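Only a predicted model underlies this, so the values are computations on that prediction, with no experimental measurement involved. These values consider heavy atoms only, across backbone and side chains, with no hydrogens, waters or symmetry-generated copies. By convention in this document, chain letters (A, B, ...) are assigned in the order of the sequence lines, proteins followed by strands, and residues within each chain are numbered from 1.
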Amino acid sequence: MRLSRYFLPTLRETPKEAEIVSHRLMLRAGMIRQEAAGIYAFLPLGHRVLRNVCRIVREEQDRAGAIEMLMPTIQSADLWRESGRYEDYGREMLRIKDRHDRDMLYGPTNEEMITEIFRAYVRSYKDLPLNLYHLQWKFRDEVRPRFGLMRGREFLMKDAYSFDVDHAAAIHSYNRMFIAYLRTFDRLGLKSIPMVAETGPIGGSLSHEFIILADTGESEVYCHRDYLDFAVPNADIDFDDAAMLRAQVERWTALYAATSEKHDAAAFARIPADRRVAARGIEVGHIFHFGTKYSEPMRAVVSGVDGAERPVHMGSYGIGPSRLVAAIIEASHDDNGIIWPPAVAPFAAVILNLKQGAVETDAACERLYRALRARQIDVLYHDLDERPGSKFATADLIGIPWQIMVGPRGLAEPARILPEIATVRGSIFLAGAVSASPENALMRCGRADVPAARVDRAWIESEDCQ
RNA sequence: CGGAGCGUAGCGCAGCCCGGUUAGCGCGCCAGUCUGGGGGACUGGGGGUCCCGAGUUCAAAUCUCGGCGCUCCGACCA
């Protein structure tokens, strides 16, 4: 993408309403635009990141055996009267009337609707287990939306719903999502820690929040330091191996970890002092097992082996991709801007033409740009007639993992690669003429989760990259 | 929902107390010149329902009342 043809309205100054760093940076980087309190439009750059987050969420849901569908945002109040939650949910639920004066609502979650769909079609234990999910906008009319995307009123949510014949099978489904969540957050470049949680208005008996640590996190969390070094299960894990999944989940829940609501000071004190972590965290996922809470009142039943009908055992599993975009920034930024983990970066690399309009730099950049695109590398070419300092500032702000600098100085000197400048952002100084080798080096700037496109510093500094 | 505060150009702000030239500054924007490795300099230019409505007054961005919007602190939540 050429910046001259893109839509990237960056701001040099921070709009005054933005307090926390993710909100400030998203506004400044031209990722989002506030349309009302707690309601945001995703501008092109923000949309790219959101799409990347959703892609990873989908891949891991699919891997764990969940099946994607799509339910509507608007629901009939009648469904919610069946479960009894129409009255219970409170003023957080946005209630609306259609032209026939029927009570409708903008869904804050979908337990009722998915249960209705399930009971309409599924009759037998043979159709189980089943896990259906979708990614859809939700609305919760918070009294006080704040912190930008971290607590908006409208937010994107991945919600999955599992259906099982009995309690034991339901726990296996719960464990599948547990592992899928560990993998999802890991791929997003985040360290997540599952913590025992309150079940809130969803209800149920078993629940974990997935928390990532960030200084600006909204809640206080306490956990054992060893969690930070735990290895996340590999992609080839067998989600049908119930015993193995249980062992993994037990490992990830054996040590102490709790948010302030569930904090047990005595238990925390039993952790060796140097292993204690008291920090702030952001909730990025929440999973619930609630058994027959909805299936009983809504008569979602299946017949078992013995022919008798019993309410299906359910759980639900949420991840907030729009909040995750903000959470990733909270966890990964510096004074100059965002530092995207490669897996979610809006572009893999940005070419900075340090002397726009000069024959040799223009030619080098054009050649590089075409070559990268030809190899399916998502590259942004900063081709505006701006001073170098301005281009650096923009590149730092929007957080593209690799900055490829092309300027007269580098082009004139013998080949050399400088390691980096001042930040953890990767930088490549394009040296020498744009001959085959540096170009090839840059070919490797790509998504870190695409092995062929992986690039690392050691390689850049090696002989291959001259 | 309690408490506090803010609405003046795309963004950040001054002006408001104490009413009175054509409403101002920085950044950004447009044109041009010189430039070019960490938000450059100069010259010229465009851009405003001063949140909305009513009132007071010869005169309102400024004072009064009402409304709307937004933010922050607390109670509450993906």
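Aromatic ring pairs are classed by plane angle as parallel below 30°, tilted from 30° to 60° and perpendicular above 60°; the pair A:Phe210 and A:Phe185 is tilted.
If you check B:rG37, B:rA78, B:rC73 against the side chain of A:Glu142, the one that comes closest is B:rA78. Of the candidate nucleotides B:rG12, B:rC1, B:rU71, B:rC1 has the atom nearest to the side chain of A:Val143. The side chain of A:Arg12 lies closest to B:rG40, out of B:rA78, B:rC73, B:rG40. Nearest to the side chain of A:Lys16, among B:rA78, B:rU35, B:rC6, sits B:rC6. When distances are taken from the side chain of A:Ala393 to each of B:rG40, B:rG39, B:rU71, the shortest belongs to B:rG39.
For A:Glu13 and B:rG26, a side-chain-to-base donor-acceptor distance below 3.5 Å is present, hydrogens and geometry of angles not being considered. Scanning atom types as modelled, no donor and acceptor separated by under 3.5 angstrom connect the side chain of A:Asn353 and the base of B:rG36. Taking 3.5 Å as the limit, the base of B:rG39 and the side chain of A:Arg28 contain a donor-acceptor pair of atoms between them.
In this entry the distance linking CG of A:Asp385 with P of B:rG40 reads 12 Å, nearest Å. One interatomic measurement links the two molecules: CZ of A:Arg151 to C1' of B:rC72, which rounds to 13 Å at whole-angstrom precision. Rounded to whole angstrom, the span from the CG atom of A:Leu11 across to the C1' atom of B:rC27 amounts to 11 Å. Look at CG on A:Leu384: it is 22 Å from P on B:rU35, rounded to the nearest Å.
The side chain of A:Arg323 places no N or O atom within less than 4.0 Å of a non-bridging phosphate oxygen (OP1 or OP2) of B:rA78. Put simply, A:Arg146 has no side-chain N or O that comes within less than 4.0 Å of OP1 or OP2 on B:rC70. Put simply, A:Gln34 has no side-chain N or O that comes within less than 4.0 Å of OP1 or OP2 on B:rG69.
Two residues, A:Phe155 and A:Gly389, neighbour RNA chain B, and the one matched to the more 5' nucleotide by heavy-atom proximity is A:Gly389. Projected onto RNA chain B by closest heavy-atom contact, A:Gly357 and A:Met150 fall at different nucleotides, the more 5' of which corresponds to A:Gly357.
A:His286 and A:Ser207 share a donor-acceptor pair across their side chains, judged by distance under 3.5 Å alone.
On the C1' atoms, B:rG32 is 45 Å away from B:rC68, given to the nearest whole Å. A distance of about 14 Å separates the C1' atoms of B:rG39 and B:rG26, rounded to the whole Å. B:rC13 and B:rA75 have their C1' atoms separated by 34 Å, given to the nearest Å.
Ring centroids of A:His23 and A:Tyr40 are separated by less than 6.0 Å, placing the two rings close together. Ring pair A:Tyr89/A:Trp80: centre-to-centre distance below 6.0 Å.
B:rC77 is unpaired under the Watson-Crick or G-U wobble criterion, no partner having all donor-acceptor distances under 3.5 Å.
For A:Trp340, the ring pair (Phe, Tyr, Trp, His ring centres under 6.0 Å) test picks out no residue, with sequence neighbours left out.
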